[in-house]
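Predicted model, so just to flag it, every value in this text is computed and none were measured. Every chain is numbered from 1, with letters handed out A, B, ... down the list of sequences.
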Amino acid sequence: MVNEDRDGYDPSAVERKWQRLWEERGTNAFTLQELKSAKDPFYNLMMFPYPSAEGLHMGNIYAFTGADVHGRYQRLRGRAVFEPIGFDAFGIHSENFALKVGQNPMDLIPRNVENFTRQLKRIGGMFDWNHSVDTTDPAYYKWTQWVFVQLYNAGLAERKEAPVNWCPSCMTVLANEQVIAGACERCGTPVEQRRIAQWFFKITEYVERLLANLEHIDWSETTRKAQVNWIGRSEGARLSFPVLDDHGGETGTRIDVYTTRPDTVFGATYMVLAPEHPLVDEVTHEGLSAPVYAYREKARAKDLVERQKVDKTKTGVSTGAYCRNPATGEPIPIWIADYVLMGYGTGAIMAVPGHDQRDFEFAKQFDLPIHRVVAAPGVAADVPLEEAYVGPGALVNSGAFDGTDVSESVRVVTEWAAENGWGEAQVNYRLHDWCISRQRYWGPPIPIIYCDSCGPVAVPEGDLPVVLPRLENFKPDESGVSPLARLEEWYRTKCPSCGAQARRETDVSDTFLDSGWYFLRYPSTDFDDRPFDRELTKKWLPVDTYIGGNEHAVLHLLYSRFLTMVLHDLGHLDFEEPYDVFRAHGLIIAEGAKMSKSKGNVLLPDPIIEEFGADTLRTYLMFMGPFEEGGDYRHEGIQGPFGFLHRLWDSVNAALATGPDGPPDPDVERKVHQTIRQVTEQVPKLQYNTAIAALMECLNSVRAGGRTPVRAEVEPLVPLVAPFAPHVAEELWERLGHTRSIFDGASWPSFDPAKATESSVTIAIQVNGKLRASIEVAKGTTEAEVVAAARTDENVQRHLDGKQERKVIYVKERLVNFVVG
RNA sequence: GCCGGGGUGGCGAAACGGUAAACGCAGGGGACUUAAAAUCCCCCGGGUUCACUCCCUUCUGGGUUCAAAUCCCAGCCCCGGCACCA
């Protein structure tokens, strides 16, 4: 190891020293009074981790370092930066791990939190440990339950029986956002549909606002787009089809469908209900026929992964019943097929095989009629279709609407349907209400009491928290009921409103409710009588910058926006968007491959910090590639930043050792000022990799030829490096004679434009766009002089020789281009 | 299929429409040293040449422009999200 030289840079000694001093001096922690009186507050937030038993992984460290660099930069600029961290410690992940190792999460989690805290301190984050949160602490989840009660009282929390996603491995229901391509996001098991009574938050009531605000909030584009896609707004119409009896008369029942192409209704040759559709029983009025019954049972048993495979052959069964196409007046058969999903639209479609590929395939499969009702220009109305046609054109075979261009046909046909009472324009969304019930143990109990006479009653605020009891057998089961239902002495209680015997809700809430409001809690952790203090919230929120992973684009980031809007509407907050700026960081991979346990290429931070120090690790992570795009961790590459910090250390110490300070070399001084300018521009934009490259370049100039720098040449570099390598910067700052922390007192250097200006510039000389020479001229040389000088170049002359000069392009301080022909 | 983001040396990557490859890793050569480490200097896309030079090179093919990695059109490939969404 190279750290043994007595005067040399010893990262672990420097880091231990400063981590201890920061803690002792409270450098990074606010007191309540400081939070209240802070001038120029800056709330720097990063996504809090869940404390796994494995400890922090490199992805966490990458994200936290990038966010910490941002916070430290703002602080070096003189802002009062609040940078809290906490633990998202409830949830299935922690619980599953506890089950695996056969311990109680109540014992396990504190140990994991302790380990995480140690690791977080070790990487040198500027965390305010006075204001940490742990979602499993009753003092925290008391207010999570309070949030639930606010929504309940506002009519935004509703218990209803609905088809929900059931993970047979996790043995709990999941929100739609937690189902990835039909499988549980946690364990990958295909989810099943179950009908159980669950608590839902009515996020769909906020859908238009959630969507509209996305237009103007300053977020990473990828995240913004992911939310837009997830919300999935589409415009179309709801059309109503009367069901017919055996004699062709109307039964009075109507089947509503949602379609984005109401203009193709003349081509609707059959109708399809989802197998779960409530009208399936009714339309097969003779009672469920055997084939219908069998098909429905089969579809129900199928998991969503299997069912949603696009490439499989379509299946379905005819009900034998008919309804009337309201446009043509013709009877059309009603089918059941699992390609229609109960969870979207009305769970029923009008099938237009001529102009929808899925309907086309189904019609071919079951020999149903295919009618063309749209024709491209120049295509006759009777040309048969080989596949569904969805392109431009005009309506055909559509009665009075023949010839209507598709650009206006949706509107025209919808109006006609509305006039005749069988349709209306409708907007539809993919977003569903947020199912927050979980039939598991490790979460905050939902604060509801069921009373036979009063129904569900919210636990009064004074009775919160409803404490999660210690439960030795917390293993979930198939029943769809939480393990808490095994603890009778816990769930038996009195009705808060009438005092009768009553029963607590035994489900716990989704972890995403814990994390949906945590940023509101951080500044107010000094208060135990309110979730968030009005004055502090006004001062510190909304969050100035939020940095985190895009994997939460439609989970946490959507839910927290929703909850913030609700709390705003209920008068608790005076803003409705929680984060002024959100930036998604990239993903890091190792040696060109995704890190995974099975590949055995998971990087552990501790040994790397041991060998090179946290400063080097931080600097390297930020140097690997653009922070918002991620990077490839190559073990050999860490040598670059490691050597850089060593050379910085040597240079500052050498400058200090030479005694009286001389004047800076003019060329070096210019480079230093150019570097200050570049780093100041790039760091706030999270362009860390190029900022570090500029610092390296600058240090190379400072040390060129092995010269000994003077203090004025190296001192400004120390704060520029400080966001990346805070410990070594703090140590060098102290050695430079400063008595305050580098992070106090706005240490960031300012650049002098005059000193950053070059006295001469290099001009590229092109002939016909090809580089033929480059010349050095004094700044301020006129165009005529530059062009004249360019002409005298031997190589340029050779290329101009004998050719006719047509034009000369001159770009100030950049190039001359002779166009010859 | 739809929506994002990408494709540049051996590798990680730079580059307001204006000298492609900054910075770093790896590699080669040299200085200092008894030696090693550290440090400093030089070379480092391909071809051509003794050299000067010249030609080629930013996924492919077209286009705009005095000038394109960058802008436009068409296509291919990789990564991420959504997906029988009607």
J.: Is it true that, when you exclude A/Glu794 itself, more than 12 heavy atoms of the residues, nucleotides or ligands shown sit nearer than 6.0 Å to its CD?
T.: no
J.: Of the listed nucleotides (B/G4, B/C16, B/C23), which one gets closest to any side-chain atom of A/Glu221?
T.: B/G4
J.: Distance check, C1' atoms only: B/A20 and B/A68, in whole angstrom units.
T.: 11 Å
J.: Please determine whether a side-chain nitrogen of the Lys or Arg among A/Glu361 and A/Lys364 lies less than 4.0 Å from a carboxylate oxygen of the Asp or Glu.
T.: no
J.: Could you work out the separation of B/G4 and B/A13 based on their C1' atoms and round it to a whole Å?
T.: 22 Å
J.: Write down the distance separating the C1' atoms in B/C79 and B/A31, rounded off to the nearest Å.
T.: 47 Å
J.: Within this structure, what is the CD-to-P distance between A/Gln682 and B/A22, rounded to whole angstrom?
T.: 16 Å
J.: Would you say A/Asn795 reaches B/C54's phosphate, i.e. side-chain N/O to OP1/OP2 under 4.0 Å?
T.: yes
J.: Whole-Å distance between B/G12 C1' and A/Phe627 CZ?
T.: 17 Å
J.: Rounded to the nearest Å, what distance is computed from the CG atom of residue A/Asp338 to the C1' atom of nucleotide B/C84?
T.: 9 Å
J.: For B/U39, what is the paired nucleotide under Watson-Crick or G-U wobble rules, both distances under 3.5 Å?
T.: B/A31
J.: Measure from the side-chain heavy atoms of A/Asn700 and tell me the nearest of B/A86, B/G24, B/C25.
T.: B/G24
J.: Please confirm whether the shortest side-chain N or O distance from A/Arg772 to OP1 or OP2 of B/C55 is below 4.0 Å.
T.: yes
J.: Looking for any heavy atom pair under 4.0 Å, which part of the strands does A/Gly705 touch: base, sugar-phosphate only, or nothing?
T.: sugar-phosphate
J.: Which of the following nucleotides, B/C23, B/A14, B/A86, is nearest to the side chain of A/Met696?
T.: B/C23
J.: Checking all strands, does A/Thr222 fall into the base, sugar-phosphate, or nothing category for heavy-atom contacts under 4.0 angstrom?
T.: sugar-phosphate
J.: Salt-bridge test for A/Lys671 and A/Glu713: reply yes if a basic N is under 4.0 Å from a carboxylate O, no otherwise.
T.: no
J.: For the CD1 atom on A/Ile775, are there more than 12 heavy atoms of other groups (residues, nucleotides or ligands in this structure) within a distance under 6.0 Å?
T.: yes
J.: Could you measure between the two P atoms, the one in B/G81 and the one in B/C73, and give it in whole Å?
T.: 27 Å
J.: Please measure how far the P atom in B/U58 lies from the corresponding atom in B/G7, and state the result in whole Å.
T.: 14 Å
J.: Under a 3.5 Å cut-off for both contacts, is B/U53 paired Watson-Crick or G-U wobble with anything, and if yes, with which nucleotide?
T.: none
J.: First locate atom OG1 of A/Thr204, then atom CD1 of A/Ile231, and finally report the distance between them rounded to the nearest 0.5 Å.
T.: 11.0 Å
J.: Categorize A/Phe623 for me: base, sugar-phosphate, or nothing, with a 4.0 angstrom heavy-atom threshold over every strand shown.
T.: base
J.: Taking 4.0 Å as the cut-off, does a side-chain nitrogen or oxygen of A/Lys594 come that near to OP1 or OP2 on B/G80?
T.: yes
J.: Taking any heavy-atom pair under 4.0 Å as a contact, classify A/Thr223: base, sugar-phosphate, or nothing.
T.: nothing
J.: Counting just side-chain N and O atoms, does A/Arg703 come under 4.0 Å of either OP1 or OP2 of B/C40?
T.: yes
J.: Roughly, in whole Å, what's the span from CZ in A/Arg647 to P in B/G24?
T.: 7 Å
J.: Any donor-acceptor pair under 3.5 Å joining the side chain of A/Asn817 to the base of B/C66?
T.: yes
J.: For B/C16, take OP1 and OP2 only and decide whether either is under 4.0 Å from a side-chain N or O of A/Lys812.
T.: no
J.: Please work out if A/Arg806 contacts a base, only the sugar-phosphate, or nothing of the nucleic acid, heavy-atom cut-off 4.0 Å.
T.: nothing
J.: Which whole-number value in Å describes the distance from A/Asp632 CG to B/G10 P?
T.: 17 Å
J.: Using a heavy-atom cut-off of 4.0 Å across all strands, would you classify A/Asp359 as base, sugar-phosphate, or nothing?
T.: nothing
J.: Expressed in angstrom and rounded to an integer, what is the separation of A/Gln766 atom CD from B/C54 atom C1'?
T.: 17 Å
J.: In whole angstrom, give the distance that lies between atom CG of A/Leu771 and atom C1' of B/G18.
T.: 11 Å
J.: For A/Ala693 and for A/Thr690, find the nucleotide of RNA chain B with the closest heavy atom, then tell me which residue's nucleotide is more 5'.
T.: A/Thr690
J.: Classify the nucleic acid contact of A/His799 as base, sugar-phosphate or nothing, counting any heavy atom under 4.0 Å across all strands shown.
T.: sugar-phosphate
J.: Return the pairing partner of B/G61 with a 3.5 Å limit on both distances, Watson-Crick or G-U wobble; otherwise return none.
T.: B/C73
J.: Before giving the answer on side chain to side chain contact (heavy atoms under 4.5 Å, CB included), spell out for A/Val816 and A/Val796 the whole-Å C-alpha distance, their side-chain angles and the decisive distance to 0.1 Å.
T.: CA-CA 11 Å; A/Val816 174; A/Val796 172; over 6 Å; no
J.: Closest approach to the side chain of A/Asn689, judged atom by atom: which nucleotide of B/A14, B/C66, B/U19 is it?
T.: B/A14
J.: Can you tell me the pairing partner of B/G80 across any strand shown, Watson-Crick or G-U wobble, with both distances under 3.5 angstrom?
T.: B/C3
J.: Given B/G4, is OP1 or OP2 found less than 4.0 Å from the side-chain N or O atoms of A/Arg224?
T.: no
J.: Between atom CZ in A/Phe362 and atom C1' in B/A86, what is the gap in whole Å?
T.: 14 Å
J.: So, is A/Asn550 near the phosphate of B/G4, with a side-chain N or O under 4.0 Å from OP1 or OP2?
T.: no
J.: Expressed as a whole number of Å, how far does the C1' atom of B/U8 sit from that of B/C78?
T.: 15 Å
J.: Check every atom of B/A86, B/C23, B/A26 against the side chain of A/Thr260 and return the nucleotide holding the closest atom.
T.: B/A86
J.: Which sits closer to the 5' end of RNA chain B, A/Leu587 or A/Arg358, going by the nucleotide each is nearest to?
T.: A/Leu587
J.: So, is A/Tyr344 near the phosphate of B/A86, with a side-chain N or O under 4.0 Å from OP1 or OP2?
T.: yes
J.: Parallel under 30°, tilted from 30 to 60°, perpendicular over 60°: which one fits the rings of A/Tyr62 and A/His585?
T.: perpendicular
J.: For the residue pair A/Arg561 and A/Trp230, would you count it as a cation-pi contact if the rule is NZ or CZ under 6.0 angstrom from the ring centre and within 45 degrees of the ring axis?
T.: no
J.: Would you measure the distance from the C1' atom in B/C32 across to the matching atom in B/C41 and give it in whole Å?
T.: 11 Å
J.: Any side-chain N or O of A/Lys225 less than 4.0 Å from the OP1 or OP2 oxygen of B/C3?
T.: no
J.: Which nucleotide sits closest to the side chain of A/Glu636: B/A86, B/G18, B/A26?
T.: B/A26
J.: If you look at every strand shown and take non-hydrogen atoms under 4.0 Å, does A/Val272 touch a base, only sugar-phosphate, or nothing?
T.: nothing
J.: Watson-Crick or G-U wobble partner for B/G12, using a 3.5 Å limit on both distances?
T.: B/C23
J.: Which listed nucleotide (B/G12, B/A13, B/C82) is nearest to the side chain of A/Arg430?
T.: B/C82
J.: Would B/G9 be called syn or anti, given that syn covers angles within 90° of 0?
T.: syn
J.: Determine the interatomic distance between C1' on B/A22 and the same-named atom on B/C59; round to the nearest Å.
T.: 23 Å
J.: Checking side-chain contact (heavy atoms from CB on, under 4.5 Å) against A/Phe818, which of A/Lys807, A/Gln766, A/Lys803, A/Arg791 comes through?
T.: A/Arg791
J.: Among A/Phe724, A/Phe642, A/Tyr9, which residue satisfies the side-chain contact (heavy atoms from CB on, under 4.5 Å) criterion with A/Asp615?
T.: A/Tyr9
